[in-house]
K.L.:
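Sharing a structure with you now.
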Amino acid sequence: MFYREAGDFKTSYVDDNQTFPIKFDRYRYYVVLFAAFAIVPFIINDYWVNAVFLPFLIYAIAAIGLNILTGYCGQVSLGTGGFMAVGAYACYKLMTGFPEVSIFIHIILSGGITAAVCVVFGLPSLRIKGFYLAVATLAAQFFLVWLFNKVSWFYNYSASGQINAPERTIFGIAVTGAQTAPWAAYLFCLIFTFASAIIARNLTRGMTGRKWMAIRDMDIAAEIIGVNPLKAKLSAFAASGFFVGIAGALFFAVYLGAVEVGEVFGITKSFLVLFMIIIGGLGSIFGSFAGAAFLVLLPVLLKNVLVGTLGWPTDLAAHLEFMIVGALIVIFLIAEPHGLAQLWRVAKEKLRLWPFPH
Amino acid sequence: MPEQLVFAMEVFLNGLMAGVLYALVALGFVLIYKASGIFNYAQGVMALFAALTLVGIMEGQVPFAHLINAMLGTEIHHFGWHVPGVLAILFTMAVMVGLAWIVNTLIFRHLVNQEPIILFMATIGLAYFLEGFGDIMWGADIKKLDVGLPQGINLWIDETTFNIFDYGFFIDNLDIVATVVAALLVCALVIFAQYTKQGRAMRAVADDHQAALSVGISLNFIWVMVWSVAGFVALVAGIMWGTKSGVQFSLSLIALKALPVLMLGGFTSIPGAIVGGLIIGVGEKLFEFGFGPMLGGATENWFAYVLALIFLVFRPQGLFGEKIIERV
């Protein structure tokens, strides 16, 4: 009833091309933004920030990054964990090397460094396709983790082999380190997530994004109509690496504070982010958020129900969680291969007609 | 003979043996990929599940004991009997066939005609499910698997090499058994694929689903059969790896070891899996021997992938893979 295009007249091309063409959608988007920036920071506590909001926001950035590469450009990557580690270690080296520079710049720079590394590992994609490429990206995953484990320069020769985020402030407010207030960490990540989503959305609907999608749908055909596969594939790797690197840097600096590379950025992380974009929806920015929310909330929910309410042992709950996640992935693929984003699209189509049958 | 060279020879031989074990896992991948175009990531977890089931049956464990105890507050763990190895293997095989049927009926029948990448994702989901399921069914603790395979240093090789080089090679008996078993398995698979009716039908399905369907081959039957054969290969791999290093979660990670083998050998070739396995096994052991100390060790984690990656840049379909022809 409220979800209508009728009466919403577009008088310019800019209006016509906006991300949310329907008025209801637009207002909903503003309400969500308002709530995220102006309401949530005042009401959240430590538990909610650490268990739900921070992982959600950071994984959303990583999922957007991987979605650009896999969902939009069709290059399956299993190296996300390794690339996140690059972001984390780049951020650590920058933070300890140039303490006077703002952490804001450090995180963006570590995104840039990860983009460069990602392009190097993306080079084989020009020759290798499909599964072979997916397996080839595992080389990046294992090599990078090994590198950060073995070369002590990366962790400043610390005895434990860990990296610890020193305390950094923005406008006098701590955003990393032990003294961080929950709302500060939340807002800091939110700014990055918000910016990433807007940049990614505009990248993917512009010329660059259309080139990626042409490559995804069929690279030979795309080449014939004049898309340069070298530029398109490598730019997808670079854009993906940038976002994944930022996610890795935030994951280390703001969320965890201390990182041991093999544990945090192992192969399971790569699969986790991949699952997020499958469940959320390949080739959709909204899907990245939906998938991240789903896979962050599901374990919290299961843990609360199984361990908290039913009183089962934690290890049993962990095994059940594996089973449920696995089963959900399969069920999603069978019922809706295009993920939560497609369900959302279908719901919107239905809403436009509701309550009339036609 | 210089000492280094003798050491390198020992490393080479051990690499060959390790390669055979990788090849065993890779074989399961190739079988399913050839017949159904599904890249089965769950192969490693299937090996783990098979090994867990085998140990569980041999020890007479109560399935889901942990879950039942948590729900009902009981304290049951074992039935109190022991099943001999051969019988337990037969039971486990039956379980794997049942698993194949369930996987095919519940999952892959509904995903016919989907893109390969969707099928791949589904097998990752299956891998997660099986991992949790296996742990819930049989418990997550490390188990010892002993079906009576010989283990320990082979004294004959030790003595012979000592007489020749003044240095006894350390070759594990289990590795030798694994090599023989792998060789037999490959021969059996080749004979099965070339000379039996079902094997020919399997190759027909691998070639062209629709054409196979039109000459009256039941796709469902072939797929269940192929998954069962892959389950059997997984069981063999599970027994070998389980005897070597205990039945535990890390067993499922051998799937990751098999992936570079597949890339190197080509996804569609059985000989490729064997040759690829040997190259990877020898390559990573020799690299670790030669350059590991210089680079800080543990190069085995990534060397296989990098080797396969570099190789693929020059030959994108692997050693024995079918030539990739793309048309618009």
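No hydrogens, no waters, no symmetry mates; every other heavy atom, side chains included, goes into these values. In this text, all values refer to a predicted model and were calculated from it rather than measured experimentally. Each chain gets a letter, A, B and so on, in the order the sequences are listed, and its residues count up from 1.
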K.L.:
Is it the case that over 12 heavy atoms from other parts of the model lie below 6.0 angstrom from the NZ atom of Lys303(A)?
P.N.:
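At most 12 heavy atoms, drawn from other residues, nucleotides or ligands, come within 6.0 Å of this atom.
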K.L.:
Heavy-atom distance under 4.5 Å to chain A: side chain of Phe108(B), backbone, both or neither?
P.N.:
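No part of it gets close to chain A.
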K.L.:
With side chains defined as the heavy atoms from C-beta onward, is the minimum distance between Ile329(A) and Phe129(B) less than 4.5 Å?
P.N.:
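They are not in contact (no side-chain heavy atoms under 4.5 Å apart), so the answer is no.
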K.L.:
Between Phe143(A) and Trp302(B), does the ring centroid distance fall short of 6.0 Å?
P.N.:
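Judged by ring-centre distance (under 6.0 Å), Phe143(A) and Trp302(B) do meet the cut-off.
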K.L.:
Side chain, backbone, both or neither: which part of Ala122(B) has a heavy atom under 4.5 Å from chain A?
P.N.:
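Interface part for Ala122(B): both.
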K.L.:
Relative to chain B, which of Met323(A), Glu321(A), Gln141(A) shows the most heavy atom pairs under 4.5 Å?
P.N.:
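Sorted descending by pairs with chain B, the first entry is Met323(A).
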K.L.:
Looking at every heavy atom in both Tyr128(B) and Thr268(A), which two are closest together, and how far apart are they?
P.N.:
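What the structure gives for the nearest pair is OH-O, 4.4 Å.
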K.L.:
Looking at Arg127(A) and Leu312(B), would you say the former's side chain and the latter's main chain have a donor-acceptor pair under 3.5 Å?
P.N.:
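Absent.
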K.L.:
Please classify the contact between Leu274(A) and chain B as side chain, backbone, both or neither, with a heavy-atom cut-off of under 4.5 Å.
P.N.:
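Contact with chain B: side chain only.
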K.L.:
Any heavy-atom pair between the side chains of Leu309(B) and Ile128(A) that's under 4.5 Å?
P.N.:
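In short, these two side chains touch, coming nearer than 4.5 Å.
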K.L.:
For Ile334(A) and Leu106(B), which heavy atoms make the closest approach, and how far apart are they?
P.N.:
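Looks like CD1-O, 3.6 Å.
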K.L.:
I need the Leu78(A) CG to Phe120(B) CZ distance, nearest 0.5 Å.
P.N.:
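Reported to 0.5 Å precision, the distance equals 5.5 Å.
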K.L.:
Examine whether an atom of Phe303(B) lies under 4.5 Å from a heavy atom of chain A, and if so say whether it belongs to the side chain, the backbone or both; otherwise answer neither.
P.N.:
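Phe303(B) has no heavy atom closer than 4.5 Å to chain A.
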K.L.:
With respect to chain B, which residue among Phe142(A), Phe271(A), Phe332(A) yields the maximal number of heavy-atom pairs within a distance under 4.5 Å?
P.N.:
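So the answer, after comparing Phe142(A), Phe271(A), Phe332(A), is Phe142(A).
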K.L.:
Can you check whether His110(B) reaches Leu333(A) side chain to side chain, under 4.5 Å on heavy atoms?
P.N.:
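No. Closest side-chain heavy atoms not under 4.5 Å.
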K.L.:
So for Leu320(A), is it side chain, backbone, both, or neither that comes closer than 4.5 Å to the heavy atoms of chain B?
P.N.:
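For Leu320(A), heavy atoms of backbone and side chain both lie under 4.5 Å from chain B.
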K.L.:
Could you grab the distance from atom CD1 of Ile279(A) to atom CE of Met121(B), nearest 0.5 Å is fine?
P.N.:
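Result: 11.0 Å between the selected atoms.
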K.L.:
Based on non-hydrogen pairs under 4.5 Å, which of Ile136(B), Leu259(B), Leu256(B) is most in contact with chain A?
P.N.:
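Heavy-atom pair counts peak at Ile136(B).
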K.L.:
What part of Asp219(A) lies closer than 4.5 angstrom to a heavy atom of chain B: side chain, backbone, both or neither?
P.N.:
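The side chain, not the backbone.
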K.L.:
Measuring heavy-atom distances to chain A, does Tyr41(B) have an atom under 4.5 Å in its side chain, in its backbone, in both, or in neither?
P.N.:
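Contact with chain A involves the side chain of Tyr41(B) alone.
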K.L.:
Are any non-hydrogen side-chain atoms of Phe322(A) and Asp135(B) less than 4.5 angstrom apart?
P.N.:
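Of all side-chain heavy-atom pairs linking Asp135(B) with Phe322(A), none is under 4.5 Å.
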